[in-house]
Amino acid sequence: MKALELLAPARNADIGIAAIDCGADAVYIAAWEFGARKAAGNPIEEIGRLCRYAHKFGARVFMTVNTVLEDDELDRAHRSMLEAQKAGVDAFIIRDLRICGWDDISVPLHASTQCAIRDAEKALYYESLGCARIILERELSLEKIREICAAVHCEVEFFVHGALCVCYSGECRLSEYIGGRSADKGDCMQACRSLYDLTDEKGKVLVRNKALLSLKDYNLKNRIAELAEAGISSFKIEGRLKNASYVMNVVRDYDLALNRLVDTYPDKYCRASFGRISGGFAPDTNKTFNRGYTELFLDGKKGKWSSMDTPKSMGEAIGKIVSVRPVDRYSIEICVNPLDKKLVLRNGDGFSFATEDGITGFRGDICSGTSIICKNVHDIRPGITLFRNINSAFENELETNRPVREIPVTVKVSVRDGFSIEAEASSHDGRKVSVSHTIDADTALNKERSLQMIANQLSKRSSHYTFGLVRTDVLTGNSTLPLLHASFLNGIRRELSDALDKEPCRTVLMSRGNRSKDIPLVPESRNFHELMRSRYCIRYELGMCPKLQGAAPSGPLFLVNNGRRFSLGFDCANCEMTVTPDQK
């Protein structure tokens with residue numbers, strides 16, 4: 001049976017714990033250094049706290065060590081990994097090949113998406129280095145994913161949701177070239193979300209002031225079954241800079257999707273951790289940060305992937321503005337014709353609309369029906385489509401109505417002569433414990449009431465376990481029962497809980513790598529001539545592709561930003577675009 005893993009981002013331990021409560025089978029997090037998100041570092045003590053919580057459910061914690069390491073950083077990175085390993089980390093997500101030679105790192109190594117694995121040859125190479133898992137490039141087709149999975153024996157992980165880099169992972173130098181902030185060191189300035197002009201070789205502006213390199217966000221929730229069939233075992237959510245509400249909402253949505261797949265094929269798939277999630281909010285990924293969604297190249301075809309008009313989150317379209325009138329010197333009232341007649345606006349909702357200069361956002365101070373009173377907003381007028389990018393009611397629901405994750409435990413009770421009582425418990429993950437007591441008690445006059453008392457008190461929650469009595473065997477003369485008090489039965493339930501805690505939650509076995517010793521482990525070389533290579537193509541996005549859209553061939557094209565000019569290259573044979581420094 002194949003175990004499917006939902007892998008969630010954790011900016012910090014609290015967000016990681018929230019992700020686990022919402023159904024994540026594993027989370028990934030960074031220590032203070034060497035993670036590809038410089039603003040999302042954590043002390044080892046916090047990573048240890050997250051590990052202890054995750055392991056209650058057989059969930060796992062992976063630590064990112066996926067920056068390019070300089071020679072003088074190797075010792076610090078090594079020490080950090082040893083400390084994290086001791087704290088309970090279950091695997092390391094790595095980029096620098098030299099880490100594969102550290103024999104005292106005993107937990108599995110996962111080759112980061114920053115390794116730019118997009119064909120079977122490179123996948124086999126990282127497997128031969130001892131990587132137990134490879135994390136694929138995002139700009140792949142399902143056919144290519146299937147081909148790579150068939151070629152290797154290690155686990156294969158793939159991103160299914162979140163922000164998209166425009167270029168192949170690990171091969172972007174644009175941020176470092178423009179501002180000295182290296183994506184390879186976790187300090188990307190997100191130059192792909194900046195505004196550019198598109199010009200021809202004579203300087204004529206063809207497109208002005210658009211985020212021409214900005215992509216929509218990934219959303220493959222409806223393709224989970226196909227990815228699992230292709231060989232993917234870990235489904236990864238992007239977002240180590242995202243807040244708790246975003247992570248919880250997305251994780252819960254994909255947790256339910258994976259559960260539906262497992263329920264459909266119970267003999268084929270299972271989840272990679274244990275526990276049952278109950279209650280809480282109803283997830284809706286349209287209500288948290290997104291730039292619009294795309295499935296990118298999964299079907300092996302070009303599509304409209306860009307968010308060039310809106311490089312930030314617009315939110316949900318709620319309707320057209322029908323009137324704007326002044327309330328006083330400082331405030332205005334906006335009336336909306338809603339797309340959904342059930343629309344309810346609330347105080348504190350956030351709104352946005354598109355302008356020629358980008359996106360304008362504002363908060364609603366007083367919202368009633370479909371009218372919004374707020375401070376003066378520049379350029380707002382009737383006819384504009386209004387979006388809601390902060391749904392205050394939904395955000396409050398996420399915060400106050402969180403799901404609960406518990407390990408189901410079944411209990412069997414036996415009562416023997418002399419009023420010897422034994423309770424046996426079996427947990428969802430396969431642990432078995434028992435406790436027994438011999439008590440001096442009167443005989444219960446009402447047997448049915450006593451049986452009900454046992455069922456009630458041994459079918460409650462203790463710690464992170466939810467107990468359920470499945471059978472009571474009465475093996476005494478005349479089938480008599482002792483007169484039992486609720487406090488005694490509650491004590492038995494707590495003893496069972498404590499006994500389960502003494503035996504670690506079982507885990508689904510992870511793949512472990514096997515390194516070929518004769519392969520040299522050398523540091524990565526970086527190409528600064530080609531700042532970016534991508535399946536995304538500006539010419540195609542603008543209807544200018546001569547190969548697929550029949551457009552007339554264009555001359556050289558350039559991106560211009562703050563006086564800097566970059567050359568666009570078009571490798572039509574491979575259907576790829578490049579960005580390079582302008583040589584002129």
Side-chain angles (χ1 to χ4, degrees), residues 5-66 76-94 105-108 110 186 234 236-237 239-252 255 272-277 280 398-399 402-407 427 429 431 461-465 497-498 500-508 510:
E5 174 190 277
L6 179 58
L7 177 56
R11 182 171 187 163
N12 55 45
D14 288 336
I15 293 177
I17 289 169
I20 291 164
D21 285 344
C22 289
D25 301 293
V27 296
Y28 60 106
I29 192 170
W32 274 121
E33 292 185 283
F34 314 122
R37 297 291 185 275
K38 193 172 182 179
N42 295 274
I44 293 296
E45 293 79 11
E46 282 294 280
I47 293 176
R49 178 167 72 91
L50 175 58
C51 290
R52 290 189 294 274
Y53 189 83
H55 294 166
K56 290 181 179 182
F57 303 98
R60 299 186 173 96
V61 176
F62 306 148
M63 192 174 99
T64 59
V65 192
N66 56 347
R76 291 204 315 278
H78 193 178
R79 286 196 303 271
S80 175
M81 292 174 70
L82 289 173
E83 289 176 7
Q85 185 173 268
K86 187 176 180 181
V89 162
D90 298 284
F92 293 106
I93 300 173
I94 68 163
I105 301 300
S106 57
V107 300
H110 297 173
S234 179
K236 189 172 192 173
I237 297 167
R240 278 197 300 118
L241 295 179
K242 296 292 198 302
N243 60 21
S245 65
Y246 176 92
V247 173
M248 289 190 300
N249 187 29
V250 177
V251 167
R252 189 73 180 111
D255 170 60
S273 66
F274 300 96
R276 180 177 60 202
I277 291 88
L398 289 172
E399 179 60 33
R402 295 192 177 193
V404 175
R405 183 167 184 165
E406 300 162 316
I407 298 283
S427 67
D429 56 293
R431 288 171 286 169
R461 187 181 189 217
S462 283
S463 182
H464 59 287
Y465 304 105
S497 176
D498 292 342
L500 287 167
D501 280 344
K502 290 176 182 176
E503 295 191 21
C505 182
R506 295 188 181 185
T507 57
V508 176
M510 292 179 67

- Short question: side chain of Arg11, backbone of Lys242 - any donor-acceptor pair under 3.5 Å? no

- Locate the shortest heavy-atom distance separating Ala87 from Cys51; write the atom from each residue and the value. O-CB, 3.8 Å

- Where do Val251 and Ala24 come nearest, in terms of heavy atoms and distance? CG1-N, 3.6 Å

- Task: May I ask you to test the Met510-His110 pair for a side-chain heavy-atom distance under 4.5 Å?
- Result: yes

- Query: Any Lys/Arg nitrogen of Arg49 or Glu46 sitting under 4.0 Å from an Asp/Glu carboxylate oxygen of the other?
  - Reply: yes

- List the steps and the verdict of side chain to side chain contact (heavy atoms under 4.5 Å, CB included) for Val404 and Arg461. CA-CA 11 Å; Val404 175; Arg461 187 181 189 217; 3.5 Å; yes

- Message: Do Ile277 and Arg252 have side chains that approach each other closer than 4.5 Å (heavy atoms only, starting at C-beta)?
- Response: yes

- Message: Taking the side chain as everything from C-beta on, heavy atoms only, tell me whether Asp501 gets closer than 4.5 Å to Tyr465.
- Response: yes

- Message: Less than 4.0 angstrom from a charged side-chain N to a carboxylate O is my criterion; do Lys56 and Asp429 meet it?
- Response: no

- Can you check whether Phe34 reaches Thr64 side chain to side chain, under 4.5 Å on heavy atoms? no

- Message: Distance check, rounded to the nearest 0.5 Å: Glu503 atom CD versus Cys505 atom SG?
- Response: 11.0 Å

- Message: To check you understand the geometry: which heavy-atom pair defines the closest contact between Val61 and Val89, and what is its length?
- Response: O-CG1, 3.6 Å

- Residues Arg240 and Ala10: closest non-hydrogen pair is CG-N, 4.0 Å

- Query: Is a side-chain N or O of Asp21 found less than 3.5 angstrom from the main chain of Pro403, in a donor-acceptor match?
  - Reply: no

- Message: Does Leu6 form a side chain to side chain contact (heavy atoms under 4.5 Å, CB included) with Ile237? I'd like the steps, not just the answer.
- Response: CA-CA 8 Å; Leu6 179 58; Ile237 297 167; 3.9 Å; yes

- Message: side chain to side chain contact (heavy atoms under 4.5 Å, CB included), that's the test. Do Val65 and Ile93 meet it? Break it down for me.
- Response: CA-CA 6 Å; Val65 192; Ile93 300 173; over 6 Å; no

- Query: Rounded to the nearest 0.5 Å, how far does CZ of Phe57 lie from CZ of Arg405?
  - Reply: 6.0 Å

- Task: Kindly compute the distance separating CH2 (Trp32) from CD1 (Ile44), expressed to the nearest 0.5 Å.
- Result: 11.0 Å

- Task: First locate atom CG of Leu50, then atom OH of Tyr28, and finally report the distance between them rounded to the nearest 0.5 Å.
- Result: 13.0 Å

- If we only count heavy atoms from C-beta on, is the Pro504 to His55 side-chain gap below 4.5 Å? no

- Message: Nearest 0.5 angstrom please: Gln85 CD to Ser80 OG, how far?
- Response: 11.5 Å

- Here the pair of heavy atoms bringing Ile17 nearest to Tyr53 is CG2-CE2, 3.6 Å

- With rounding to the nearest 0.5 Å, note down the distance linking CZ in Arg431 to CZ in Arg506. 8.5 Å

- Task: Quick one: closest heavy-atom pair of Leu398 and Met248, and the distance?
- Result: O-CE, 3.5 Å

